[in-house]
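So that the names make sense, note that chain A is the first sequence line, chain B the second, and so on, each numbered from 1.
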Amino acid sequence: MEPYDHTKIEAKWQKRWEEEGRYEFDEKSSKPKYYLLVEFPYPSGEGLHTGHVRSYTALDIVARKRRMEGKNVLYPIGWDAFGLPTENYAIKTKTPPAVVTRENTDNFRRQLKSLGLSFDWSREVNTTDPAYYKWTQWIFLQFFKKGLAYKKKTLINWCVDCKIGLANEEVVDGACERCGGSTEKREKEQWMLAITKYADRLHDDLDTVDYEERIKIQQRNWIGRSEGAEISFQLVASGFQKNLKAKTKKLPAIKVFTTRPDTLFGATYMVLAPDHEIIENLKSEIKNWDEVVRYIVVTKKKTEIERTAEGKEKTGVRLEGVTAINPANKEEIPVYVADYVLKEYGTGAIMAVPAHDKRDFEFAAKYGLPVRIVIEPVTGTPLENEEKRTSIVALVYDPKKKKVLTLDWGKALGGRLFIGGGLEEGESPEAAARREIREETGYVNLKLVAVSEKIHHHYFAHSKKVARAIEATGLHFELLDDAKEETSLEANEKFKVEWVDPEEAGRTVADELHHFVFNKFMRHELYSCHEEGGILADSGTFTGLSSEAAKKKITEFVGGNMKVTYKLRDWVFSRQRYWGEPIPLVFCEHCEQCHKKLKEISNFQFPISEKESKIKNSKLKIEASEGELLNPGWVPVPESELPLELPEVGVYTPTDSGESPLSKVKNWVETTCPKCGGTAVRETDTMPQWAGSSWYYLRYIDPHNDNALADKKKLEHMMPVDWYNGGMEHTTLHLLYSRFWHKFLYDIGAVPHSEPYRKRTSHGMILAEGGEKMSKSKGNVVNPDAIVETYGADTLRLYEMFMGPFEQAVAWSEKSIVGPRRFLERVFKMAGKAKDGARDSELEGTLHRAIKKVGEDVERMRFNTAVSEFMILANEMDAREAIGKGEFETFLKLLAPFAPHAAEELWARLGHKTSVHDEAWPAYDEAKLKRAMIKIAVQVNGKVRAEIEVSAEAPESEVKARALAEPKVAAHLAGKEPARVIYVPGRLVSVVT
RNA sequence: GGGCGAGUAGCCGAAUUGGUAUAGGCGCGCGGCUUAGAACCGCGUUCCGCAAGGAGUGUGGGUUCAAGUCCCACCUCGCCCACCA
């Protein structure tokens, strides 16, 4: 047998497969389709990354397995080639980005092909190809025409280095996501896409798709839907309550949004965002107007960085002369402006409940505002037949020793606790606490420092063997001196009195209630925010209700309404850059004037539908889409003129004013208006990188179509994508954006399904050796080329699948690669042992179990255990003198998706003229999975004492009898009769005395 | 501060979802083969103990005949988001 020469073998088969066109998708096939998608790479100058290899190999394995299962598989690849690194490189070297892109894609293609990935290379797409971005532009025009693209002057994040506007999502810790440079706020007219109009559908439709749960959670968090209430607070001139009869000016009411209407009785002040419009209207009422204006001006100047750099210190100014009425209890409460309230979220105004919101608490503490507790916490789990009680938990702290007093009741009675006990008839909580402390520990000289709110606690009292529901009060004492009285004898026996370090106590106190009290007093969690299961206090007729029930009732009571809000913002779609899709719009002053006049005359409301607008404007003989009405003067480039190609420019640097380099190409910018024929100028902003990747999966289906983004019938047949795998870093932005585009395309009838991806999974990052991120600057990037050269593509594929759980981050380890390599060498040596007629029933069982395991592992993306199963199987086969040829062939079929070249080579060496990849995926025989004899563990009181071997069919009674007959079992029973004997079929026997 | 996830051998990690903890790989040790080395093959490899036995999955509790797995609390690390009411 020839040795394993990976270079020769891999080159040979890659060439053969390519000549055969074996992985090109066959549109005429009658087999059921299966569409597998991986995130297409950004072809950077650094070349392929080990992370690409991980994701692409994983779905390559799925693709190859699906083909063996009789599916017609589409597994395409392409290039997401617009983007900053290429452009920055072009600026530096004065090379056209298109040239750089071609060089990089050539390199990537070579690298991907060297891995034996079964991509259909005939369907390659490239986002920078005019034939491709023609349709990116077309989609943008549809957004525009439907009024979902609009120009808006906004404060944008501006990267000083890149000279580019960034979406909020692209600013990380106040720095630019791409270059890491500092950012500032700048005002700029930007094209926006109204993704918020799709917020509810993007949220709700997650229920209809099969995404990993963590991905759904991240998407939902990003959309940030929160249900709450809008409640109106009437503003009045201060002193309203006292002068009820006196005439007071009628001031406006202010709507606030809150997720916690149940805490309304605890609202002790109100806060407006500094840019809230109403402030201006209140000018005449506000006595300290100058101060308020000064504050507003200062906060406006602050950039986001300055605001965060300042730390958590809250600032604000009270509006003197204006107060608000709390609609729940009619109390008059002060009104503040403060920058911790955001204009963009909710209504830009809040009711502040310092007792149950951390930010409100901080603010209240600084400005001396009242804190009113209206929610009492609930701890523990309710049990049956609870006995009701009122009791206390006393936390005694010795400031000299810096220790807290605990009682150790031992394991059986509930571990370490503070001092606790019930109230006696007519006793106050303080008196009860002092009594309990004296009785249990003897200490008598104590100072009461603080008292908690009532805590509703459910627990099982081990000492009395009874379930209890108690209303407990926490009391915080400080020890004044060591004076002690004698304690009861009973107390001395039951528990140990110990002074322990607070840290230690916080870690080891066993009971939830005691933890709560500890956190309150020792960790100074003075406010308490009990989202779930709290009980209302001090809230009028609502006192005693649960938080959950009170939300709706209180909202109704004050005439508010339940409302849904989202965190998601509209998408800033303009970039002041060269290397992106030109936005196909022109600006025409003449048309702008027309629209202004039109607006005056017809007095219509925005937005109105396209149809409606046509009718309304017919008299004026003007046809306009919603986009034009929304953005006066902006006219779309006719679809017949697409693609609007990027012109050649000599210099790629953005202008100092922040405009795209395109603005300097005079003969491109100056054009005629497609609508009125007058002079017009082109939009010089380009689209963000996310644009091209928002629909590429559609183009793969029909990559050369010049009449539509893809043929409808083909879309109907191929969509949705059956399985999409990509990085966790794209689960919020790319995934959400592309779902948004797809839903829009569905709405305008361009695609036949409302969700693009049926199933989405995510792989974990590959870290450098030592657990750090791989990065060029750290010089720890692993180049797949080197690994392929020394060990071979199959070894690299196996290693990356084996290195750890697919969905988790794992560190690269050069040393460990030899494991999979040795495995393959062993398989090559073993091939010589494969003989006709060498049958082995024991091996057959192992083989069938492996078929089952490997198959299931691939479906669940547990590639690491699948590879481990291969190793076990190989070890077992290799331990024999001879292996049945059929069994070895089955093994090769299982291995084929993972190590396609090695499997193909050995398959050929066995004398086959056809490809192993054309074989059917092996099926396992349920009957052969079972073992004849099984090992059963025997436990005595939870400890394994013996192991017996019994027939798999042995009845329960026999197994139990055998177990009890074991000498070691008998010895540990020590003559006692077993109280119970439990048999878990095929697993163990548990004997309990 | 919030959300999500993770903590198992010297290291990467398994554990059929509550049923014999540590499979597989790396590393290490011993032995074989070899002039020698590499490669390869075999055996061993959680800790304490001569053994019987005992301890053991970040920490403290709980539920259970039985807990790495479920519940409560805490600690540490990672990722994502953060003045989102």
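- Ser990(A) comes within 4.0 angstrom of a nucleotide base, judged by non-hydrogen atoms across all strands.
- Minimum atom distance to the side chain of Lys968(A) is reached by G53(B), of the listed C12(B), G53(B), U17(B).
- Taking atom C1' in both A23(B) and U35(B), one finds a spacing of 40 Å when rounded to whole Å.
- Between Asp360(A) and Gly942(A), the one whose closest nucleotide on RNA chain B sits nearer the 5' end is Gly942(A).
- The distance from atom CE of Met830(A) to atom P of C41(B) is 12 Å, rounded to the nearest whole Å.
- Rounded to whole Å, atom P of A82(B) lies 11 Å from atom CG of Asn221(A).
- Rounded to whole Å, the separation between the C1' atoms of G58(B) and U45(B) comes to 24 Å.
- Residue Lys943(A) places at least one side-chain N or O closer than 4.0 Å to OP1 or OP2 of A55(B).
- In this structure, Asn941(A) reaches neither bases nor backbone, as no heavy-atom distance under 4.0 Å exists between it and the strands shown.
- Residues passing the side chain to side chain donor-acceptor pair (under 3.5 Å) test with Asp360(A), sequence neighbours excluded: Tyr340(A).
- Base pairing annotation: G78(B) forms a Watson-Crick or G-U wobble pair with C4(B), both donor-acceptor distances under 3.5 Å.
- The phosphate of G13(B) (OP1 or OP2) has no side-chain N or O of Arg862(A) nearer than 4.0 angstrom.
- Both Thr865(A) and Asn875(A) lie close to RNA chain B; mapped to their nearest nucleotides by heavy-atom distance, the more 5′-ward contact belongs to Thr865(A).
- Rounded to whole Å, the separation between the C1' atoms of G10(B) and G27(B) comes to 8 Å.
- Atom CZ in Arg416(A) sits roughly 9 Å away from atom C1' in G60(B) (whole-Å rounding).
- When rounded to the nearest whole Å, the span between CD of Glu807(A) and C1' of A6(B) equals 11 Å.
- Residue contacts shown for Asp511(A) are absent, as no nucleic acid heavy atom lies under 4.0 Å away.
- Arg945(A) comes within 4.0 angstrom of sugar-phosphate atoms only, judged by non-hydrogen atoms across all strands, and of no base.
- Spacing between U59(B) and G68(B) at atom P, rounded to whole Å, works out to 12 Å.
- No hydrogens or angles considered: nothing links the side chains of Tyr983(A) and Ser990(A) as a donor-acceptor pair under 3.5 Å.
- Nucleic acid contact class of Val984(A) (heavy atoms, under 4.0 Å, all strands): base.
- Across all strands, Lys935(A) comes closer than 4.0 Å to base atoms (heavy-atom distances).
- In this structure, of C4(B), G27(B), A14(B), it is C4(B) that holds the atom nearest to the side chain of Arg214(A).
- The interatomic distance linking Asp262(A) (CG) with A85(B) (C1') rounds to 13 Å, in whole Å.
- At the heavy-atom level, Pro820(A) lies nowhere under 4.0 Å from the strands shown.
- Using a 4.0 Å cut-off between charged nitrogen and carboxylate oxygen, Glu800(A) and Arg54(A) do not count as a salt-bridge pair.
- U45(B) is paired with G27(B) under the criterion used here, namely a Watson-Crick or G-U wobble arrangement in which both key atom distances are under 3.5 Å.
- Among the heavy atoms of the strands lying under 4.0 Å from Leu988(A) is at least one base atom, whether or not backbone atoms are also near.
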- Run the salt bridge (Lys or Arg N to Asp or Glu O under 4.0 Å) check on Glu876(A) and Arg880(A) step by step: do they pass? CA-CA 7 Å; Glu876(A) 207 168 306; Arg880(A) 278 150 227 268; 3.6 Å; yes
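- Taking atom NZ of Lys833(A) as the reference point, atom C1' of C40(B) lies 12 Å away to the nearest angstrom.
- Here A51(B) sits opposite no nucleotide as a Watson-Crick or G-U wobble pair (both hydrogen-bonding atom distances under 3.5 Å).
- Straight-line distance between the P atoms of U63(B) and C72(B): roughly 15 Å, to the nearest whole Å.
- With U20(B), C40(B), G25(B) as the choices, the nucleotide that has an atom nearest any side-chain atom of Lys829(A) turns out to be C40(B).
- Of the candidates U20(B), A85(B), C80(B), U20(B) carries the atom nearest the Val944(A) side chain, counting heavy atoms from C-beta on.
- With rounding to whole Å, Asp339(A) atom CG is found 17 Å from A85(B) atom P.
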- Task: Under the ring pair (Phe, Tyr, Trp, His ring centres under 6.0 Å) rule, what do Phe802(A) and Phe863(A) come out as? Steps first, then yes or no, please.
- Result: CA-CA 6 Å; Phe802(A) 183 58; Phe863(A) 303 107; over 10 Å; no
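- Taking atom CZ on Arg880(A) and atom P on C41(B), their separation rounds to 17 Å, with Å as the unit.
- Summarising the base pairing, U22(B) is matched to no nucleotide, lacking a Watson-Crick or G-U wobble pair whose two defining distances lie under 3.5 Å.
- Arg826(A) comes within 4.0 angstrom of sugar-phosphate atoms only, judged by non-hydrogen atoms across all strands, and of no base.
- Nucleotide A66(B): unpaired (no Watson-Crick or G-U wobble partner with both distances less than 3.5 Å).
- When the P atom is used for both C70(B) and G5(B), the distance is 11 Å, rounded to whole Å.
- The base-pairing partner of A73(B), taking Watson-Crick or G-U wobble contacts with both distances under 3.5 Å, is U59(B).
- Nucleic acid contact for Glu947(A): base, since at least one base atom lies under 4.0 Å from a heavy atom of the residue.
- Listed nucleotides C65(B), C80(B), G24(B) differ in distance to Gln218(A); the shortest reach to its side chain belongs to C80(B).
- Across the strands present, C40(B) finds its partner in G32(B); the criterion is a Watson-Crick or G-U wobble pair with both atom distances under 3.5 angstrom.
- Here the side chain of Ser226(A) is nearest to one of C26(B), C40(B), A85(B), namely A85(B).
- To the nearest whole angstrom, the two C1' atoms, one in G3(B) and one in G53(B), are 48 Å apart.
- Considering only side-chain atoms of Lys815(A), the nucleotide from C83(B), C26(B), G53(B) that sits closest is C26(B).
- Of the candidate nucleotides A85(B), A6(B), C72(B), A85(B) has the atom nearest to the side chain of Val341(A).
- The phosphate of C26(B) (OP1 or OP2) has a side-chain N or O of Arg822(A) nearer than 4.0 angstrom.
- Under the 4.0 Å criterion applied to side-chain N and carboxylate O atoms, Asp878(A) and Lys833(A) are assigned as salt-bridge partners.
- One C1' atom belongs to G7(B), the other to U69(B), and the distance between them is 14 Å to the nearest Å.
- For Glu230(A) and Lys563(A), the salt-bridge test passes: some basic side-chain N is under 4.0 Å from an acidic carboxylate O.
- For the pair Tyr566(A) (side chain) and Trp222(A) (backbone), a donor-acceptor distance under 3.5 Å is absent.
- Between the side chains of His6(A) and Arg821(A), at least one donor N or O sits under 3.5 Å from an acceptor N or O.
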